[in-house]
Amino acid sequence: MAAGQDLSARVALVTGASRGIGAAIALRLAESGAAVAVNYRERAGDAEAVVAKIKSGGGRAFAVAADVSQSAAVAGMVERIARELGSIDILVNNAGIAIVRGVDDLTEDDFGRTIMVNLKSAFLCTQAVLPAMRARQWGRIVNITSGAARGAGAIGPHYNASKAGMEGLTRGYAARLVKEGITVNNVAPSLIETDMMKGRTDLARNIPLGRMGQPEEVAQAVAMVLGNAYMTGQTIILNGGMAFI
Ligand code: NAP
């Protein structure tokens, strides 16, 4: 079990956990004892590999397919998790897409898809898990935003907008839910070495630390947030020293 916190009575849902940052978060929460629902969109094999790794360490997990930008899929996923593992105590809204576009080639479809997958999904998943969290007067919601919520970013304006919207969503929920024992925070990484950043390692030259971040470093920040009942509506920023905001 990871040092510092015991999540053994908790059930966690990590969206987009088949690879990259989500997979690292799922593994980290399982190491702390949480039973983990590993959500994915289409890469079932990758999600099953994450589940197998958790189980080989003695943890509880299962893989659950759902496009989190679709309300019916989210409702079905949350019901299935309740049956398989119990009600969700910890929600990590991590699923996301990054369609790289310049101002001149950005289309309405790129904008719409990005807002649906990166922002609307967090709203849908949050609404779906809240009734059970409120009933127990305990819950932790962590939204994986990005340095692009506040800075220029490397993807495009649609991506900036989706992540800035998520920050607003976080503050709106945080203010309304703190009295019920539910915290809502953001973890905002920049330039983490995953499939999303494949072929973009040249961007590492902008990082004062001299390298890109690792998914496990983001997972460590998520774990930190979960252990704190007094912190809500905040953003933890990880960027190797690129900006201090
Ligand atoms: P990634 O390696 O591309 O993985 C994306 C994950 O999201 C996959 O598990 C994918 O599932 C899932 N996903 C995508 N669309 C989905 C949908 N509609 N429904 C359910 N799952 C969906 O990305 P990553 O780099 O780990 O990024 C994770 C999060 O961190 C994203 O929100 C991203 O915006 C954010 N972030 C990343 C960086 C970075 O530098 N990497 C920096 C800042 C913020 P499948 O495997 O089934 O496709």
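One-based numbering, in listed order, for ligands and for the atoms of each.
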(request) Quick one: pull up OG1 in Thr183 and CG in Leu226 and give me the separation to the nearest 0.5 Å. (result) 7.5 Å
(message) If we set the cut-off at 4.0 Å for heavy atoms, which region of Arg43 has an atom near ligand 1: side chain, backbone, both, or neither?
(response) both
(request) Go through the side-chain N and O atoms of Ser190 and Asn239 and say whether any donor and acceptor fall under 3.5 Å apart. (result) no
(request) Select the closest option to atom 44 (C) of ligand 1 among Ile192, Thr145, Ile144, Leu203, judged by heavy-atom distance. (result) Thr145
(request) For Asp195, take its heavy atoms, then give the atoms of ligand 1 lying under 4.0 Å from any of them. (result) 2 (O)
(request) Find all atoms of ligand 1 within a distance of less than 4.0 Å from any non-hydrogen atom belonging to Asn94, and give their numbers and elements. (result) 28 (C), 29 (C), 30 (O), 31 (C), 32 (O)
(request) Calculate, to the nearest 0.5 Å, the distance between atoms OG and CG belonging to Ser18 and Asp195 respectively. (result) 9.0 Å
(request) Have a look at ligand 1 and work out which part of Leu191, if any, has a heavy atom under 4.0 Å from it: side chain, backbone, both or neither. (result) backbone
(request) May I ask whether Val68 has any heavy atom positioned less than 4.0 angstrom from an atom of ligand 1? (result) yes
(request) Give the residue and atom name of whichever protein heavy atom lies nearest to atom 42 (C) of ligand 1, and the separation in Å to one decimal. (result) Pro189 O, 3.7 Å
(request) Just let me know how Lys163 lines up against ligand 1, side chain, backbone, both or neither, with a heavy-atom cut-off below 4.0 Å. (result) side chain
(request) Under 4.0 Å from a heavy atom of Ala66: give me the atoms of ligand 1 that qualify, with their elements. (result) 19 (N), 20 (C)
(request) Determine, considering heavy atoms only, which of Ala122, Ser18, Ser146, Gly213 sits nearest to atom 8 (C) of ligand 1. (result) Ser18
(request) Would you mind telling me if ligand 1 is within reach of the side chain of Val117, the backbone, both or neither, using heavy atoms under 4.0 Å? (result) side chain
(request) Run the contact test for Asp67 against ligand 1 with a 4.0 Å cut-off on heavy atoms, strictly below, and give the result. (result) yes
(request) Identify, by atom number and element, the atoms of ligand 1 in contact range of Tyr159, meaning under 4.0 Å from any of its heavy atoms. (result) 33 (C), 34 (O), 35 (C), 36 (N), 43 (C), 44 (C)
(request) Can you sort out which atoms of ligand 1 are near Asn39, meaning under 4.0 Å from one of its heavy atoms? (result) 20 (C), 21 (N)
(request) Check each atom of ligand 1 against the heavy atoms of Ala17 and keep those under 4.0 Å away; list them by number with element. (result) 9 (O)
